[in-house]
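Here's the structure, in structure tokens; my notes come after.
Per chain, numbering begins at 1; letters A, B, ... match sequence-line order.
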Number of protein chains: 2
Amino acid sequence: MCLYLCPSLEDGTMKTQKINTEILYPHVSVDCVLLSIVDDKLCVLLAELTRENDVKGFKLPGSLIYETEDLDQAASRILKESTGLTRIPLKQFKSFGDPARTTNKDDVHWLENASKLKVGRIVTVAYLALCKVRKRQNTNEKYNTAHWMPVDELPRLLFDHEHIIKAAVQEIRRWVDREPKIVFDYLPAKFTATELRRTYELIYNKKFDVRNFHKKMNSFGYIVATDEMEEGVPHRSARFYSFDKVKYKKIYAKLSNN
Amino acid sequence: MCLYLCPSLEDGTMKTQKINTEILYPHVSVDCVLLSIVDDKLCVLLAELTRENDVKGFKLPGSLIYETEDLDQAASRILKESTGLTRIPLKQFKSFGDPARTTNKDDVHWLENASKLKVGRIVTVAYLALCKVRKRQNTNEKYNTAHWMPVDELPRLLFDHEHIIKAAVQEIRRWVDREPKIVFDYLPAKFTATELRRTYELIYNKKFDVRNFHKKMNSFGYIVATDEMEEGVPHRSARFYSFDKVKYKKIYAKLSNN
DNA sequence: ACAAAAGTGTTAAGCGTACACCCATGT
DNA sequence: ACATGGGTGTACGCTTAACACTTTTGT
């Protein structure tokens, strides 16, 4: 029943935090699984947590939400804080609310120490994005400890964050199936067939036949060949292709009409 | 950043509610979009809200979560409270946390009146299920006002509940695509080809060719013909089929290996 | 006999998969 | 010349979609 509702938090009885003159809503957090390809591996951005110069583990970039903030806004904020990126499509994919998710004694102890707050129950809403990696992205000092780490060689992670990452990797495949556009938001404006294929291979964690992949690319209808060719490579140079937004939208207009 | 954490709620500073000797966590709710087929229409279970014998609108069955309760548990509880059903697969499909979602003045006024509580921000986690409709299901007095209403003829709904239902109807199609099993959890143990086809048609909101549908049924491999036939119908009697769980699991074992 | 719904088969088109060789470029 | 990766076509099997008539049963 929904008849028992949230008492106002504005009466000051909650230990709310003032940050940037905004009030946190200290019951719900957003965690972002930011994926990218680094050194030919599918990687996730992780923040390193240390205590007394001792690395204790890693966590996903995340934050409690603000009182006046939508979940999607919180996710965008975290994306920007942790990578400097904006306008990257973010997808909410699952919420995690097991009361036991924040009860690992080591994790609680470590986090309470770092945060100077008592750690209670938190329901977290997980988001996913495929990020262009930029140099000099870690301008925020909180994230000078952020690292892109391969999703299949994960370090010790806070609470259920490993579980969240595994779910995200499953989810991104379904997302790309439905909205291939996100791959082109990730890729540079001009890309070679091999770059595109390799991106798909790393996302799906399987090889695609080169000839069949070219055929598929052509069948899409929204990937257009340019006149430009790779230069300075010690082998036959590859053609650059680009993504035609208008054609894409026409093709996918039907699909979303349901 | 996740460093600002939830203060313990056990210090009594929150206006928590004691119900069934458990403490509510008054910041997160679970709402269930319970779908079923009634009178050959895809319907959703809605609770009617009245004030002074005046029908003000409808809402999804939902509830704040308990302190010690997982989100999935809360959804199962709501399912049971509102329909009496247990063991029906429930799928978490999306969370809704727009701060403005609970700010419609009419809705707030009406709900505050009904609940005798100040309505603040609530993040809700939405679940979906396909329910067998049972007679005499509304044993819980809270739900003597529950009705199955067609999803394409929705009445005035509380807050963003219409939006949640629309999202659920999209989602159930994807769910059936991935896990056809839920259709057989919905259907009786013995069902005719037409019943199955009609179920698909109502879920997908489109017609399926009869012959092609039979062919597809057979290709599944887990739908087995029985010797039983319909009786007492004023036309050729239909064969009953049944769902073979073991065969199904063998077939879908591969798919989930990813 | 008729009304009403059940059940059945073929064809064509599109899509996925498997597979091997020549091409262009820099060293 | 050679090493390196780029680029191309065909054939087969599977899946999907379109389409019309006969069968069974109760009245």
Looking at A:Phe243 versus A:Tyr222, is the centre-to-centre ring distance below 6.0 Å? yes
Report the C-alpha distance between B:Lys206 and B:Glu201 in whole Å, list the side-chain angles of each, state the deciding distance to 0.1 Å, and finish with yes or no for salt bridge (Lys or Arg N to Asp or Glu O under 4.0 Å). CA-CA 5 Å; B:Lys206 69 175 179 190; B:Glu201 287 181 345; over 6 Å; no
State which of D:dT10, D:dT8, D:dG6 makes the closest approach to the side chain of A:His214. D:dT8
Here the distance between atom P of D:dG6 and atom CZ of A:Arg197, to the nearest Å, is 7 Å
Proximity of A:Phe220 and A:Tyr248 rings by center, below 6.0 Å: no
Along DNA chain C (nearest heavy atom to each residue), the more 5'-positioned of B:Asp209 and B:Thr192: B:Thr192
Mind checking whether B:His161 and B:Phe58 have ring centres under 6.0 Å apart? no
B:Lys207 has an atom NZ; how far is it from atom P of D:dA18, in whole Å? 15 Å
Qualifying residues under side-chain hydrogen bond (donor to acceptor under 3.5 Å, both in side chains), relative to B:Arg174, sequence neighbours excluded: B:Glu171
Round to the nearest Å and state the distance from A:Asn212 atom CG to D:dA11 atom C1'. 12 Å
Starting at CG of B:Asn218 and ending at C1' of D:dC14, how long is that distance when rounded to a whole Å? 16 Å
Base, sugar-phosphate or nothing for B:Ser219? Non-hydrogen atoms, less than 4.0 Å. nothing
For A:Arg198 and D:dG6, what is the distance between atoms CZ and P respectively, to the nearest whole Å? 12 Å
Non-neighbouring partners of B:Pro89 that pass side-chain contact (heavy atoms from CB on, under 4.5 Å), sequence neighbours left out: B:Trp175, B:Ile182, B:Asp185
Output field: ring centroids A:Tyr200/A:Phe213 closer than 6.0 Å: yes
So the contacted stretch of DNA chain C, first to last nucleotide with an atom under 4.0 Å from a non-hydrogen atom of chain A, runs from C:dT17 to C:dG26
To the nearest angstrom, the OH-P distance between B:Tyr204 and D:dT16 comes to 12 Å
Using a 4.0 Å heavy-atom cut-off across all strands, classify B:Lys216 as base, sugar-phosphate, or nothing. nothing
Rounded to whole angstroms, how far apart are CZ on B:Arg236 and P on D:dT27? 18 Å
Atom CD of A:Glu231 and atom C1' of D:dG6 are separated, to the nearest Å, by 16 Å
